[in-house]
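The structure under discussion appears below in the form of structure tokens.
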Amino acid sequence: MRFVVITGGVISGIGKGTITSSLAYILKERNYSVDIVKIDPYINYDAGTMNPYQHGEVFVLSDGTETDLDLGNYERFLGRDLKSGNNLTTGKIYKWVIEKERRGDFLGSTVQIIPHITDEIKRRIRSIGLEDNADIVLIEVGGVVGDIESMPFLEALRQMRLEEDGRIFFIHVTYVPTLRSVGEPKTKPTQHSVKELRSIGIQPDAIIARSEIELDRDLREKIALFTQVDEKAVIGIPDVGDIFSMPLMLNETVLPNYILDKMGLKANESKMEFWKGVVENITNPSHYVTIGVVGKYVHLKDSYISHEHTFMHVTGKTGIGVKIKWIDSDNAEQEEETLREVDGILIPGGFGPRGIEGKIKAIKFARENKIPLLGICLGFQLSVIEFARNVLGLTGANSTEFNPETKYPVIDLLPEQVGVSDMGGTMRLGDLKLKLRQNTMAFQIYGKEEVSERHRHRYEVNPKYIRDLEKNGLIFSAVDLSDVRMEILEVENHPFFMGSQFHAEFKSRPEKPSVLHEALVRAASKYNSTRRKNFIEQEKFAK
Ligand code: GLN
């Protein structure tokens, strides 16, 4: 087994995660079995309780682990499911060590960061690689070198350098700013950051210098000289338009061959034909559709990153470009105007009452005007509420999450969930199976009777209302294996109105885009062309 460690320098947010994911894809394409471990030095046990204001979207793994969105990127690039062990946090490591201490496993010795915490870190990294039979384990260290929180992790990795003797490679990703007043890129922050890394005993083997502009040879030579890194292994990566170009860009540098060579592995060249096709479609789509995404976190970058990527996957496959129009569910005026312009609507998941009524209005608009709509999780639940209020006439129908006193709790906790005091305890998390009902649009789209999809929710369609909803034209086209929980809905006589209780975006991959998002985009494309035709007819008529 080999290890590639990716650390960050100067500032965060320069694409270390994208570089890690891209490298994973490249190494996989060269026929190696690749695994990734993300180290998040924060004290939280996992990302489940973090709000999107701080960390963007919470991603969910197949085993139900709630993680940082980087794990989502890894899964999508690597094309396979990861598990809890692929994400190490300070919280997890300390919890495991303290549990051992309480059990008496340390036989009375003083428990310390070195060796107990560092041993636990090394053991966890190696054991996940062994479990997955990995040839190469990539380890991305979150944050920036110099942060107090990441010290024990870096110390553990430093120790691994000795123990692994030639089977470990360190990449330091830094930032080379270009001051507008001077106009030239500055390498000093990179020099300092490498100095910091070396002061804790880690000499990087390669440097990826991120910058706004292309770095010339002189600059790379200068970085090499100051950091004692082989000049060949100082790679400049200027800003790329979209993250999907990164694997192609990195593959064209000497880095993949350099890493493999240094660790004594064969290069196994790859032409990356599939990925080139995806990027070609993303950069030159045949035509565009506009999808309005109605949410309360639309101002925050990365809150809906899995949806953004999923639409890219759909473009990669179909050649239909997707322009996302972010619609703030708290801003009713903007909402009304914008909804008229879009070709399709997506209502993503969410928690808490803010913005609910705005989303319900958008759903009503889509249903009545026959605009393609996909509701995910909360979007699914709100579609049921909208239908109950406006078709069944159940005024004030709601979810008990937002109004515990509602007269018509069409979305509610199931009886077995009530009274469980631990909030986490009642969540349905991870990959769960569902059955599709024949003669439905969902069945047609999936083309199978049983599928597994990823969940993260607590509330359910209240079984008491199902018959009435169905009698009035709401079709529940998929249910869980126990027949109790509704999983997909569609509306009769609507070109495309679907909702899923699960997060179809979490399992989307470039090789296999989410079928629901793909169906939404195709329906939006159809809607757009008929609308355009009607418009031309009207123009002709007016003349
Ligand atoms: N808040 C809803 C629930 O807990 C929906 C969750 C979601 O959209 N992920 O059931």
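As the structure lists them, so they are numbered: ligands from 1, and atoms in each ligand from 1. All of these numbers come straight from a predicted model, not from anything done at the bench. Atoms considered below: every heavy atom in the structure, side chains included; atoms not considered: hydrogens, waters and symmetry mates.
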Centroid-centroid distance, Y297 to W326, less than 6.0 Å: no

In this structure, is the centre-to-centre distance between the rings of H455 and F506 below 6.0 Å? no

Taking the six-membered ring where the residue is Trp, are the ring centres of H307 and H517 under 6.0 Å apart? yes

Non-hydrogen atoms closer than 4.0 Å to ligand 1: which protein residues do they belong to? List them by chain and number, please. G349, G350, F351, C377, L378, Q381, E401, R456, H457, R458, Y459, H503

Could you walk me through whether D242 and S245 pass the side chain to side chain donor-acceptor pair (under 3.5 Å) check? CA-CA 6 Å; D242 65 87; S245 309; 3.2 Å; yes

Taking atom types as modelled, find out whether E460 and Q501 have a side-chain donor-acceptor pair closer than 3.5 angstrom. no

Among all residues two or more places apart in sequence or in another chain, which pass the side-chain contact (heavy atoms from CB on, under 4.5 Å) test with A478? L434, L436, E487, I488

